[in-house]
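Step one of this worksheet: look at the structure below.
Along the sequence shown, residues carry numbers from 1. Counting starts at 1 for both ligands and their atoms, following the listed order.
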Amino acid sequence: MKTAITGGAGFIGSHLVEHLLAAGDTVTVLDDLSTGRLENLRTVIGHRDFHFVEGTILDRAAVDKVVAGADRVFHLAAAVGVNLIVEHPLESLRTNIHGTEVVLDAVLESGATLLLASTSEIYGKNTSDSLSEESDRILGSALKSRWTYAAAKGIDEAFAHAYWRQFGLPVAIVRLFNTVGPRQTGRYGMVVPRLVKQALAGEPLTVYGDGHQTRCFSYVGDIVPAITKISEEKSAYGNAYNLGGSYEISILTLAERIVELLGSGSPITLVPYEQAYAEGYEDMRRRVPNNGKAKDLVGFDPKTTLDQIILNVAADHRPVKAPDPLGWKVTMAAN
Ligand code: UDP
């Protein structure tokens with residue numbers, strides 16, 4: 001199968017590239033390398049079925065180039081990470097709204113199928129203990145940048161759904177809940193790589209607010225195969241699917257677990273939100289997915305434990321890299 005991936009040099013995108021090459025796909029990536037890195041693609045550069053185009057999803061010609069001839073497209077390119085969103089609200093809005101519209105148009109013309117990566121952010125402040133795809137979205141002020149990200153991704157979903165209803169575009173949506181794993185950088189927010197890095201360096205672990213806010217972390221190695229399977233299901237078109245972890249943990253307990261598991265001597269410090277983030281940040285107290293719909297469709301049942309996730313992220317941060325913990329076993333073409 002011929003597959004195109006926007007944002008394929010990013011954290012999740014690069015794992016998806018490896019997974020699909022190992023399955024025999026020809027893969028073309030479009031990435032502007034703003035947050036993505038070529039280093040993430042080091043295991044596949046030179047592979048005979050891998051192609052890379054540097055460019056932005058705001059550029060229709062670049063999008064057309066990678067989408068041409070593709071059977072399916074994964075749209076992962078986006079401005080992500082709370083730090084990036086609150087510090088660069090305008091670029092984030094443009095990329096996440098206009099960029100997605102460009103991709104939808106290009107895919108519609110090309111005749112490929114599309115999988116749109118969305119986010120649990122769209123549920124906002126809904127603290128339900130089982131967020132389902134039909135759950136209400138509770139967003140804060142439109143003047144706070146954090147909520148403009150949630151709004152933008154909600155509009156992306158609405159655009160995708162309208163393309164499906166009005167033009168029959170075969171598009172499925174996945175909502176990712178705090179996906180973590182090797183290659184994720186803490187530079188743009190993302191608590192697990194940040195705390196792991198701090199623990200390994202013997203620095204204080206920065207827990208924001210009172211630390212009692214909770215999340216359900218999922219492992220990229222569980223998420224990528226599920227995304228792939230969903231992209232292959234005709235009944236997924238016009239639908240959205242939650243993909244998240246099944247274990248809820250507070251950020252304070254997460255920090256304690258990281259310190260213990262990595263044998264770190266680091267202290268844990270509580271940092272007030274106003275010190276931690278630029279203006280425009282507001283936290284979510286809780287975010288718990290109901291994965292039932294993805295389980296029914298593709299048997300989604302995330303197995304990787306939080307301890308294993310932490311150990312894999314730590315292995316990725318140590319100076320001497322361990323072999324790729326996901327082990328997709330991509331065979332390189334002989335050059
Ligand atoms: N967080 C923290 N310390 C950090 C980075 C983040 O305590 O160094 C908190 C953050 O305020 C939030 C949670 O960890 O409550 C998850 O943050 P992340 O940015 O990873 O994801 P999101 O907020 O999008 O769920």
Side-chain angles (χ1 to χ4, degrees), residues 10-12 35 78-89 92 96 117-128 131 137-140 144-154 175-201 203-220 223 242-245 247-259 262 264 266-289 306 309-310 313 317:
F11 153 56
I12 299 174
T35 56
V80 292
V82 174
N83 288 0
L84 186 76
I85 307 300
V86 297
E87 282 163 24
H88 302 280
S92 307
N96 293 344
S118 184
T119 166
S120 58
E121 285 269 328
I122 66 146
Y123 295 112
K125 296 192 255 190
N126 188 331
T127 54
S128 155
L131 287 166
R137 306 171 54 210
I138 305 174
L139 305 186
K144 287 200 169 140
S145 342
R146 170 147 206 174
W147 306 119
T148 62
Y149 174 65
K153 293 303 274 189
R175 295 182 184 151
L176 306 181
F177 284 66
N178 295 84
T179 310
V180 292
R183 300 188 193 138
Q184 186 178 41
T185 161
R187 204 178 314 150
Y188 309 108
M190 282 82 168
V191 66
V192 172
R194 284 177 64 85
L195 299 189
V196 164
K197 200 172 165 199
Q198 291 162 345
L200 290 175
E203 294 165 2
L205 273 68
T206 54
V207 170
Y208 300 157
D210 63 9
H212 293 303
Q213 68 273 34
T214 67
R215 296 292 186 272
C216 296
F217 296 96
S218 62
Y219 190 53
V220 67
I223 295 298
N242 288 339
L243 293 175
Y247 178 63
E248 183 180 12
I249 188 169
S250 77
I251 303 302
L252 187 57
T253 308
L254 169 73
E256 287 163 357
R257 190 71 196 127
I258 289 174
V259 166
L262 302 185
S264 168
S266 293
I268 295 171
T269 21
L270 294 182
V271 180
Y273 287 121
E274 15 345 324
Q275 272 177 37
Y277 293 103
E279 199 186 333
Y281 179 79
E282 194 178 347
D283 206 0
M284 289 155 189
R285 292 303 288 173
R286 187 176 194 217
R287 197 196 263 159
V288 182
L306 184 62
I309 295 174
I310 293 168
V313 171
H317 277 81

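- Listed by number with element, the atoms of ligand 1 under 4.0 Å from a non-hydrogen atom of Val207 are 7 (O).
- Of all protein heavy atoms, the one closest to atom 19 (O) of ligand 1 is Met190 N, 3.3 Å.
- Atom numbering of ligand 1 starts at 1 in the shown order; those under 4.0 Å from a heavy atom of Arg194 are 4 (C), 5 (C), 8 (O).
- If you number the atoms of ligand 1 from 1 as listed, the ones under 4.0 Å from a heavy atom of Glu121 come out as 24 (O).
- At distances below 3.5 Å, at least one donor-acceptor pair connects side-chain atoms of Gln184 with backbone N or O atoms of Thr179.
- Taking 4.5 Å as the limit, some side-chain heavy atom of Trp147 sits within range of a side-chain heavy atom of Lys125.
- Looking at atom 15 (O) of ligand 1, its nearest protein heavy atom turns out to be Asp283 OD2, 2.6 Å.
- Inclusion of Tyr273 in the set of residues having an N or O under 3.5 Å from an N or O of ligand 1 is not warranted.
- Against a heavy-atom cut-off of under 4.0 Å, Val191 is close to the following atoms of ligand 1: 1 (N), 2 (C), 3 (N), 4 (C), 5 (C), 6 (C), 14 (O), 16 (C), 18 (P), 20 (O).
- Side-chain N or O atoms of Ser218 include one that pairs as donor or acceptor with a backbone N or O of Phe177 at under 3.5 Å.
- Of all protein heavy atoms, the one lying nearest to atom 21 (O) of ligand 1 is Asn178 ND2, 3.3 Å.
- Short contacts between ligand 1 and Thr206, defined as distances under 4.0 Å to a heavy atom of the residue, involve ligand atoms 2 (C), 3 (N), 4 (C), 7 (O), 8 (O).
- Asn242 contributes a side-chain N or O that, together with a main-chain N or O of Leu131, makes up a donor-acceptor pair within less than 3.5 Å.
- For Arg146, the heavy-atom gap to ligand 1 drops under 4.0 angstrom.
- Given atom 25 (O) of ligand 1, the protein heavy atom at minimum distance is Arg215 NE, 2.6 Å.
- Residue Arg287 places a heavy atom less than 4.0 Å from ligand 1.
- Of the protein's heavy atoms, Tyr277 OH, 3.4 Å lies nearest to atom 10 (C) of ligand 1.
- Counting heavy atoms of neighbouring residues, nucleotides and ligands inside a 6.0 Å radius, atom NZ of Lys197 does not exceed 12 of them.
- At distances below 3.5 Å, at least one donor-acceptor pair connects side-chain atoms of Arg137 with backbone N or O atoms of Ile122.
- Residue contacts with ligand 1 do not include Met284, since none of its heavy atoms lies under 4.0 Å from the ligand.
- Between Asp283 and Arg146, some side-chain heavy-atom pair lies under the 4.5 Å cut-off.
- Among protein heavy atoms, atom 11 (O) of ligand 1 sits closest to Tyr281 OH, 3.0 Å.
- Residue, atom and distance of the protein heavy atom nearest to atom 13 (C) of ligand 1 are Ile251 CD1, 3.7 Å.
- Counting non-hydrogen atoms of neighbouring residues, nucleotides and ligands closer than 6.0 angstrom, the OH atom of Tyr247 reaches no more than 12 such neighbours.
- Between the side chains of Ser266 and Gln198, not a single donor N or O lies within less than 3.5 Å of an accepting N or O.
- For atom 4 (C) of ligand 1, the nearest non-hydrogen atom of the protein is Tyr208 CE1, 3.3 Å.
- Between Pro289 and Cys216 the shortest side-chain heavy-atom distance falls below 4.5 Å.
- Within the 4.5 Å cutoff, no side-chain heavy atoms of Val191 are placed close to those of Tyr208.
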